[in-house]
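First comes the structure, then the notes that go with it.
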Amino acid sequence: LKGYPLNAIKYFNDSIQFLEKGEKAQDTAAPINSIGLIYLEYYQDIKTARKHFERALSIAQLYHRVEDMVRAYNNLADSYMMEAKYDLAANVLNKNISLSLEYEDETVRFISYVKLVECYLYLEEYKKAYSCLLKAQKEVLSYSNESINYEKFLESSAKFYTAMGAYDKV
């Protein structure tokens, strides 16, 4: 795997150039976002990753590509959480929730609520954390969407109740 990330970045850059030459700039958000993920997850280079996520978000917003906006917002939030900038992460996740409500995407809403629980716990905003936990629970119970991960909900619940000292509910 030594050269894999560098090769992947090269291939993503090649696809970006190809798309731009073919006047399909609106399709470049996904590979730009993917490059950001490599920098975030493999190299742990949050600054470079965030530049890619912000660029992908700008393109997605310009062409109103909701799926790409959601992906970029989610990754931006992750990058802020890695730096313990939970207030910024919460802001971005709330934007994601707004998009998910507008476009009726319960999976995005669920993931955002679960991540918000963690953000609000770190910010010591326990009422907001609990509210998000209840909303995540509602998403789990209301939708039979297989992509909603019940395990993530249970993990989020455990974090919340442990932080609250309610070990009997974990």
Side-chain angles (χ1 to χ4, degrees), residues 1 4-5 8-9 12 29-61 65-103 105-140 143 145-167 169-170:
L1 279 178
Y4 171 75
I9 290 171
F12 284 127
I32 292 168
N33 187 68
S34 295
I35 292 171
L37 279 172
I38 293 169
Y39 279 105
L40 186 68
E41 294 176 359
Y42 187 82
Y43 293 114
Q44 306 290 304
D45 183 347
I46 297 169
K47 184 177 179 181
T48 302
R50 191 171 298 130
K51 285 181 185 178
H52 283 84
F53 299 146
E54 289 170 347
R55 182 174 167 215
L57 180 60
S58 293
I59 292 167
Q61 288 172 328
R65 305 277 298 238
V66 176
E67 186 176 318
D68 291 327
M69 282 189 272
V70 164
R71 189 178 300 122
Y73 277 138
N74 190 49
N75 292 329
L76 274 171
D78 287 345
S79 73
Y80 288 130
M81 290 174 79
M82 287 178 74
E83 291 181 318
K85 295 180 178 178
Y86 297 105
D87 54 336
L88 295 174
N91 184 40
V92 170
L93 290 167
N94 279 309
K95 289 178 183 178
N96 237 5
I97 289 171
S98 294
L99 275 175
S100 75
L101 290 169
E102 184 178 346
Y103 292 95
D105 189 332
E106 64 273 357
T107 303
V108 170
R109 201 165 38 250
F110 169 77
I111 291 168
S112 296
Y113 285 138
V114 166
K115 288 181 179 185
L116 276 170
V117 170
E118 185 174 345
C119 288
Y120 289 138
L121 285 175
Y122 280 108
L123 294 169
E124 298 180 355
E125 295 185 36
Y126 302 115
K127 286 182 181 179
K128 286 183 180 181
Y130 185 62
S131 174
C132 289
L133 182 65
L134 293 178
K135 290 174 182 177
Q137 181 180 26
K138 180 181 174 191
E139 297 297 327
V140 165
Y143 301 100
N145 188 336
E146 292 178 23
S147 64
I148 290 184
N149 190 337
Y150 191 68
E151 185 179 320
K152 287 190 180 296
F153 170 72
L154 292 175
E155 182 182 318
S156 184
S157 296
K159 286 179 184 178
F160 176 80
Y161 289 118
T162 300
M164 296 296 99
Y167 301 108
K169 294 199 179 208
V170 175

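Along the sequence shown, residues carry numbers from 1.
Atom CD of E151 has 12 or fewer heavy atoms from other residues, nucleotides or ligands within 6.0 Å. Crowding of E67 atom CD: a count of heavy atoms from other residues, nucleotides or ligands under 6.0 Å not exceeding 12.
Partners of Q61 under the side chain to side chain donor-acceptor pair (under 3.5 Å) rule, at least two apart in sequence or in another chain, are Y73. Residues that satisfy the side chain to side chain donor-acceptor pair (under 3.5 Å) test with R55, not counting sequence neighbours, are absent from this structure. Partners of F153 by ring-ring contact (aromatic ring centres under 6.0 Å, His included), not counting sequence neighbours, listed by chain and number: Y150.
In this structure, the side chain of T162 engages the main chain of A158 through a donor-acceptor pair within 3.5 Å. With hydrogens and angles ignored, the 3.5 Å screen pairs no side-chain donor or acceptor of S131 with any backbone N or O of K127. Under the 3.5 Å distance criterion, the side-chain polar atoms of E124 are left unmatched by any main-chain donor or acceptor of L121. Within the 3.5 Å criterion, the main-chain N or O of R71 finds a donor-acceptor partner in the side chain of N75.
L76 contributes atom CG, which lies 12.0 Å from atom CD1 of I46 (distance to the nearest 0.5 angstrom). Taking CZ of F53 as the start and CD1 of I32 as the end, the distance is 12.0 Å to the nearest 0.5 Å. Note that OH of Y113 is 8.5 Å distant from CG of N94, once rounded to the nearest 0.5 Å. Residue H52 holds its NE2 atom at 13.0 Å from OG of S79, rounded to the nearest 0.5 Å. With values rounded to the nearest 0.5 angstrom, R50 atom CZ is found 7.5 Å from L88 atom CG. Taken from CD1 in I59 to CG in N33, the straight-line distance is 10.5 Å, to the nearest 0.5 Å.
In this structure, Y42 and L37 have side chains that are not in contact, with every pair of non-hydrogen atoms separated by 4.5 Å or more. V108 is listed as a side-chain neighbour of S112, based on a closest heavy-atom distance under 4.5 Å. Considering only heavy atoms from C-beta on, F110 stays 4.5 Å or farther from I97 through its side chain. Proximity of K128 to L116: side-chain heavy atoms (C-beta onward) are nowhere separated by under 4.5 Å. Counting heavy atoms from C-beta on, the side chains of I111 and N74 come closer than 4.5 Å. Contact of the N91 side chain with the Y80 side chain is not registered, since no non-hydrogen atoms from C-beta on lie closer than 4.5 Å. A heavy-atom distance below 4.5 Å is found between the side chains of L40 and M82. Looking at S100 and E106, their side chains never come closer than 4.5 Å, going by heavy atoms from C-beta outward.
In summary, the side chains of N96 and K115 do not present any donor paired with an acceptor at a separation below 3.5 Å, with no hydrogens or angles considered.
Of all heavy-atom pairs spanning L101 and R109, the tightest one is CD2-CD, 3.5 Å. Taking each heavy atom of C119 and A89 in turn, the nearest pair found is SG-CB, 3.7 Å. Between I38 and A8 the shortest heavy-atom distance is CD1-CB, 3.6 Å.
The pair K159-E155 meets the salt-bridge criterion, since a charged nitrogen lies less than 4.0 angstrom from a carboxylate oxygen.
Ring centers of Y120 and Y126: at least 6.0 Å apart, outside the cut-off.
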